[in-house]
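Inspection log for the structure reproduced underneath, given as structure tokens.
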Amino acid sequence: MYLKPQNSSTYGYNGRLVLLFAGMQRTDSGIPEKFLKPYDPTATEDTIYALWEQSGYFNPDNLPGERNESFTVVLPPPNVTGVLHIGHAYEDALQDAVVRYQRMCGKKVLWVPGTDSAAIATQARVEKNIQKEEGKSRHDLGREELVRRVSEFAKNSENTILSQVKKIGASLDWSRYAYTMDDARYRAVMEAFIRMYEAGLIYRGNRIVNWDPKGQTTISDDEIVHEEREAVLYTFKYWKDFPIAISTTRPETKVGDTAVAVHPEDERYREYIGKEFTGEFAGVPLTIRIVADEHVEKEFGTGALGVTPAHSMTDWDIAERHDLPRIQVINEYAKMTDAAGPLVAGSKAVEARETIAAWIRDNGLMEKEEKVAQNVATAERTGAIIEPLPKLQWWVDVNKPFTIPYSEIPGIASGSETTLKALMRTAVESGAVAMPQERFRKTYFHWIDNLRDWCISRQIWFGHRIPIWYNGDEICAQIDSPGDGWVQDEDVLDTWFSSALWTFSTLGWPEKTSDLETFHPTSFMSPAYEILPLWVSRMILMSSFHLGQVPFKTVMIHGLVRDKQGRKFSKSLGNGIDPIDLVAQYGADAVRMGLLVGTAIGNDVNFDEQKVKGYKHFANKLWNVSRFVLENTVDAPIAEAPTLTNEDAELSVQLDTLLADVTSDFEKYQLYLASEKLYHYVWHTLADKILEDSKPLLAGDDTAARVSRQYTLYTLLSTSLKALHPFMPFVTEEIWQSLPHKETDMLMVTQWPYTA
RNA sequence: GGGCGUUUAGCUCAGUUGGUAGAGCAACUCGUUUACACCGAGAAGGUCGGGGGUUCAAGUCCCUCAACGCCCACCA
């Protein structure tokens with residue numbers, strides 16, 4: 001009687017009970033007919049996800065009950081034009097498990113979805129398409145048209161990635177969806193730039209950048225791929241009576257040399273330090289000063305380094321330290337400038353290399369030519385060899401002292417003087433950002449110690465255009481044009497600039513929104529270790545500066561998902577696994593479990609499809625346990641607790657003990673342990689032992705014992721569903737929907753079954 | 001070159017503060033009297049990469065070597 005549906009029900013043609021609610025037919029035994037077949041995720045998951053969305057519970061404002069403590073996570077925004085790969089699936093599953101657990105624990109949970117414009121990648125892709133389909137370059141289209149086309153493309157592809165994220169079961173608040181290029185984020189980016197500019201932390205400076213001559217843009221260090229190539233190391237003297245021979249693989253740059261650097265303790269050259277020599281090299285008059293610099297390696301080549309300030313990072317730095325002149329001899333098209341002298345001016349740098357080498361030989365100055373293996377920096381996108389060039393760029397100064405008006409970060413007082421670097425270090429050192437994995441703390445600090453100013457300008461068109469205006473010598477930082485005669489800076493911002501604001505730009509900053517008040521700092525962030533320097537540290541920088549807060553309280557860095565042989569997934573290897581295919585084949589719950597169980601956070605995951613298959617079986621196991629329990633409790637008085645037998649009381653305690661353990665694992669973000677324990681319990685304790693032991697009891701004459709066991713089975717099942725829900729949200733919710741007695745209409749907002 | 005990892009059963013991985021090695025999958029044996037064959041019962045399988053050290057005791061701590069991997073730098 002107790003299990004008859006309470007809502008509108010009627011009897012079908014053949015006398016079967018038909019339950020109209022949720023369209024589920026019931027069998028004669030009183031349980032929904034769907035339980036007679038194996039669990040079918042494809043028939044279930046989309047419906048369940050729609051049910052969650054309709055409930056509004058993804059939005060913290062709609063969550064039932066009084067929730068005082070907030071718990072916030074922002075989704076690391078995938079590229080708007082991207083497709084979900086297995087790494088996303090892992091990251092999403094991980095975060096969703098945490099988020100669902102916290103929601104069940106009664107917190108005001110917000111998980112913010114979003115996408116990233118990935119400026120360079122997206123523009124490059126669209127440019128390529130246009131080139132292919134219309135034979136036009138971006139210059140043919142013009143800036144405005146290209147930006148329009150790229151934005152359109154981004155908007156059109158957005159749905160792919162978003163629907164894929166949903167397939168995994170991510171319980172994101174879609175009403176707060178953000179895109180790094182939308183209006184609200186645009187405002188935040190502009191505001192952030194202007195504030196930092198006004199604080200003197202953003203400056204324009206001529207510095208050596210990685211110039212991509214093919215893409216005609218600066219690229220960041222992170223977009224460089226080093227390739228090993230064979231090169232010739234030439235050893236020679238600039239002219240006959242020059243006292244020191246130098247070695248180089250790029251003789252063409254030597255017409256731009258202004259110094260020779262030696263190690264201060266190198267006895268061979270000590271006598272020359274500080275002296276200046278003039279002469280002519282390849283038709284160019286040079287003045288070479290001998291300087292002592294500790295960065296010179298005594299053992300390499302002749303132990304003397306020809307310093308070409310304008311075309312090498314290290315040489316630029318040496319020039320900085322010794323106040324040397326800088327002569328640019330190569331231009332943006334990798335051709336020699338007029339300053340390179342009549343011999344090579346106008347020719348390609350690679351050709352000039354041979355010309356100059358020949359000149360050296362012809363003049364009897366060459367001492368040695370040897371083949372060496374060399375690492376050449378190439379552009380990830382275009383494959384072009386990087387030409388280090390001095391260019392006017394925008395920079396974030398990480399070492400400049402400034403007064404921070406407000407700070408909640410321990411060790412940084414409001415109104416005190418600090419630097420961005422110090423903020424980044426202190427935020428983690430003080431524990432305000434908890435980074436529980438020791439090895440990533442080490443990596444982080446190592447990175448901070450070697451941190452240089454951050455180049456934030458990019459010479460592309462798609463992105464946030466720098467809000468700087470020029471009128472003759474006048475410069476003005478503001479969003480809109482100050483008026484006639486003012487021209488805006490051509491460059492756009494590094495995509496990581498906007499990503500770095502993500503934890504608070506998504507919450508409405510620079511407005512003082514209640515979201516910002518309630519949900520920032522965020523609670524938890526779990527990025528891949530790849531982007532620790534790229535993203536994590538820069539979020540800490542931005543949040544500390546603009547809000548005086550850390551961006552997140554805990555960061556758990558996870559590893560990469562690799563293939564079975566430990567190789568990175570990549571298109572060129574053709575070893576990619578589409579998580580959406582996996583979901584179709586095994587169900588999202590199985591994919592989530594396959595990724596989470598037994599993979600310690602921080603280590604790489606060598607992905608094994610067999611594992612996913614195993615968890616598909618597990619979902620079915622849970623399904624059948626439910627069937628068994630429902631069938632055997634259909635006529636039981638389980639609405640209220642009967643007097644329990646000792647044995648049954650013990651079973652409850654046993655599960656409770658497990659839950660204490662699992663809860664503690666959750667609190668430590670050790671999902672790989674929690675999930676494994678629950679799996680083991682459901683399969684090998686609940687199913688294999690308890691259910692089997694119950695069979696004689698359920699068929700027996702001892703009514704009290706039977707009722708006690710029926711009640712217990714039902715409770716153990718419903719508790720297991722709750723505990724498994726963060727990992728396997730779909731199947732648990734689907735079963736929950738068929739339970740005759742439940743505390744809440746939806747499992748996702750039911751209370752977590754253990755309180756410490 | 002600097003830094004950080006990984007190496008445990010055939011495969012994929014756990015192993016929290018040192019106390020006689022664990023799981024899943026695969027393989028093997030037996031079992032199909034309805035919760036589930038997307039199953040059950042059972043057995044097998046490891047000198048914890050090599051070597052050395054600390055300790056009553058080491059997969060765990062220290063040193064060293066090797067293989068593999070990642071990050072940073074770019075030797076000009």
Side-chain angles (χ1 to χ4, degrees), chain A residues 31 35-40 221-222 224 226 231 233-235 246-250 253-254 257 260-261 295-297 299-308 311-315 318 372-377 386 388 437-447 449-452 528-534 559-560 562 564-568 586-587 590 593-594 597-600 602-632 664-665 668 670 672-673 676-677 679-680 683-684 687-688 691-692 694-695:
Chain A
I31 63 157
F35 283 108
L36 300 185
K37 287 181 288 187
Y39 173 62
D40 180 5
D221 292 347
D222 326 303
I224 288 179
H226 291 280
L233 184 66
Y234 302 92
T235 301
I246 56 157
S247 302
T248 185
T249 51
R250 300 197 62 190
T253 64
K254 298 290 104 181
D257 281 14
V260 164
H295 283 74
V296 179
E297 203 69 46
E299 279 70 38
F300 187 87
T302 58
L305 166 66
V307 182
T308 321
H311 299 286
S312 149
M313 295 274 182
T314 45
D315 293 12
I318 292 173
V372 291
Q374 190 190 27
N375 275 335
V376 181
I386 298 299
Q437 299 141 299
E438 190 52 40
R439 70 180 203 248
F440 293 120
R441 283 172 69 90
K442 279 190 211 164
T443 310
Y444 179 81
F445 289 128
H446 183 253
W447 184 79
D449 291 340
N450 295 304
L451 186 64
R452 302 187 189 197
Y529 56 70
E530 288 182 304
I531 51 174
L532 179 66
L534 227 49
L560 303 180
R562 302 169 171 285
K564 229 177 140 176
Q565 286 105 53
R567 301 174 306 178
K568 245 179 164 169
Y586 303 109
M593 286 292 275
V597 178
T599 53
N603 288 348
D604 286 349
V605 183
N606 287 3
F607 184 76
D608 184 359
E609 194 172 324
Q610 283 306 311
K611 211 171 150 188
V612 177
K613 192 176 162 193
Y615 292 108
K616 184 193 172 158
H617 295 175
F618 178 57
N620 192 51
K621 190 73 182 177
L622 187 62
W623 188 250
N624 281 294
V625 168
S626 304
R627 173 182 166 183
F628 178 88
V629 171
L630 290 179
E631 275 178 353
N632 285 288
S664 133
D665 289 337
K668 289 183 275 185
Q670 293 179 329
Y672 62 105
L673 296 178
E676 188 171 11
K677 286 169 190 168
Y679 169 91
H680 202 265
W683 200 311
H684 299 297
D688 289 347
L691 251 57
E692 291 306 323
S694 299
K695 287 175 181 173

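Hydrogens, waters and symmetry mates play no part in the numbers below; they use all other heavy atoms, side chains included. Numbers restart at 1 for each chain; the letters A, B, ... are given by sequence-line order, proteins then strands.
Remark: A:K695 is in phosphate contact with B:A35, judged by side-chain N or O atoms under 4.0 Å from OP1 or OP2. For A:Y672 and B:G15, the shortest distance from a side-chain N or O to OP1 or OP2 is below 4.0 Å.
Heavy atoms of A:L532 sit nowhere under 4.0 angstrom from any nucleic acid atom. Using a 4.0 Å heavy-atom distance criterion, A:N632 is classed as making no nucleic acid contact. In this structure, A:S247 reaches the bases: a heavy-atom distance under 4.0 Å links it to at least one base atom across the strands shown.
Spacing between atom NZ of A:K677 and atom P of B:A14 amounts to 15 Å, rounded to whole angstrom units. If you take CD1 of A:I31 and P of B:U34, they are 16 Å apart, rounded to a whole angstrom. Between the CH2 atom of A:W447 and the C1' atom of B:A73 there is a distance of 14 Å, rounded to whole Å. We find that OH of A:Y444 is positioned 16 Å from C1' of B:C72, with the value rounded to whole Å. Rounded to whole Å, the distance from CE on A:M313 to P on B:G1 is 22 Å. Put simply, CD on A:Q437 is 17 Å from P on B:C71, counting in whole angstrom units. Across the protein-nucleic acid pair, A:F607 atom CZ and B:C11 atom P stand 19 Å apart, rounded to whole Å. If you take CD1 of A:I318 and P of B:C74, they are 12 Å apart, rounded to a whole angstrom.
As rounded to the nearest Å, B:G49 and B:C56 have C1' atoms that lie 28 Å from one another. With both ends at atom C1', the span from B:A44 to B:A26 equals 13 Å, rounded to whole Å. Using atom C1' as the reference point in both B:U55 and B:C62, the two lie 12 Å apart (nearest Å). As rounded to the nearest Å, B:G42 and B:C25 have P atoms that lie 15 Å from one another. Taking atom P in both B:G31 and B:G69, one finds a spacing of 48 Å when rounded to whole Å. For B:C72 and B:A27, the P atoms lie 42 Å apart once the distance is rounded to whole Å. To the nearest whole angstrom, the two P atoms, one in B:A23 and one in B:C68, are 32 Å apart. Nucleotides B:U8 and B:G45 are separated by 13 Å at their C1' atoms, to the nearest Å.
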- According to the Watson-Crick and G-U wobble definition with distances under 3.5 Å, which dot-bracket string, read 5' to 3', encodes RNA chain B, using [ ] for crossing pairs and | for pairs with another strand? (((((((..((((.....[..))))..((((.......))))......(((((..]....))))))))))))....

Scan nucleotides 21-23 of chain B against the protein and return all N/O pairs shorter than 3.5 Å with their distances rounded to 0.1 Å.
residue: B:A23; atom: O2'; partner: A:E676; partner atom: OE2; Å: 3.4

Please list each protein N or O that sits under 3.5 Å from an N or O in nucleotides 3-8 of chain B, with the distance.
residue: B:G5; atom: OP1; partner: A:K442; partner atom: NZ; Å: 3.4

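Residues satisfying the side-chain hydrogen bond (donor to acceptor under 3.5 Å, both in side chains) test with A:R250, not counting sequence neighbours, are A:E252, A:E387. For A:H295, the side chain to side chain contact (heavy atoms under 4.5 Å, CB included) partners at least two apart in sequence or on another chain are A:D293, A:R321. Residues that satisfy the side chain to side chain contact (heavy atoms under 4.5 Å, CB included) test with A:T302, not counting sequence neighbours, are A:T235, A:A245, A:S247, A:Y269, A:A304. For A:Y234, there are no ring-ring contact (aromatic ring centres under 6.0 Å, His included) partners two or more places apart in sequence or in a different chain. Remark: A:K616 engages A:Y586, A:A590 in a side chain to side chain contact (heavy atoms under 4.5 Å, CB included) (not counting sequence neighbours). The ring-ring contact (aromatic ring centres under 6.0 Å, His included) check on A:Y39 picks up A:W623, with sequence neighbours excluded. The ring-ring contact (aromatic ring centres under 6.0 Å, His included) search around A:H680 returns A:H684, not counting sequence neighbours. Scored by the side chain to side chain contact (heavy atoms under 4.5 Å, CB included) test, A:D257 finds A:Y238, A:I246, A:K254, A:I288, A:T308 as partners (sequence neighbours excluded).
Minimum atom distance to the side chain of A:E692 is reached by B:A35, of the listed B:C74, B:A35, B:G40. Which of B:G40, B:C36, B:C38 sits closest to the side chain of A:R627 comes down to B:C36. Candidate nucleotides B:C74, B:A35, B:C70 were compared by shortest atom distance to the side chain of A:R452, and B:C74 ranks first.
In this structure a side-chain-to-backbone donor-acceptor pair under 3.5 Å is present from A:K611 to A:V597. No donor-acceptor distance shorter than 3.5 angstrom exists from the side chain of A:N603 to the backbone of A:T599, with no hydrogens or angles considered.
Nearest approach of A:F35 to A:R627, heavy atoms of both residues: O-CD, 3.1 Å. Taking each heavy atom of A:V260 and A:G306 in turn, the nearest pair found is CG2-CA, 4.3 Å. Residue A:A231 comes nearest to A:T249 through the heavy atom pair CB-CG2, 4.2 Å, listed as atom of the first residue, atom of the second, then distance.
For B:A14, its base never sits under 3.5 Å from the side chain of A:Q670 at any donor and acceptor pair.
Using bins of under 30°, 30° to 60° and over 60° for the plane-to-plane angle, the ring pair A:Y679/A:F618 lands in the tilted bin.
The residue among A:H295 and A:Y39 whose nearest nucleotide of RNA chain B lies closer to the 5′ end is A:Y39. Nearest-nucleotide positions on RNA chain B for A:G598 and A:K254 put A:G598 closer to the 5' end.
Between A:K621 and A:H617, every side-chain heavy-atom pair lies at or beyond the 4.5 Å cut-off.
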- Task: Determine, stepwise, if the pair A:L560 / A:Y529 fulfils side chain to side chain contact (heavy atoms under 4.5 Å, CB included).
- Result: CA-CA 8 Å; A:L560 303 180; A:Y529 56 70; 3.6 Å; yes

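Contact check of residues 614-622 of chain A against RNA chain B (heavy atom, cut-off under 4.0 Å) returns A:K616, A:H617, A:N620, A:K621.
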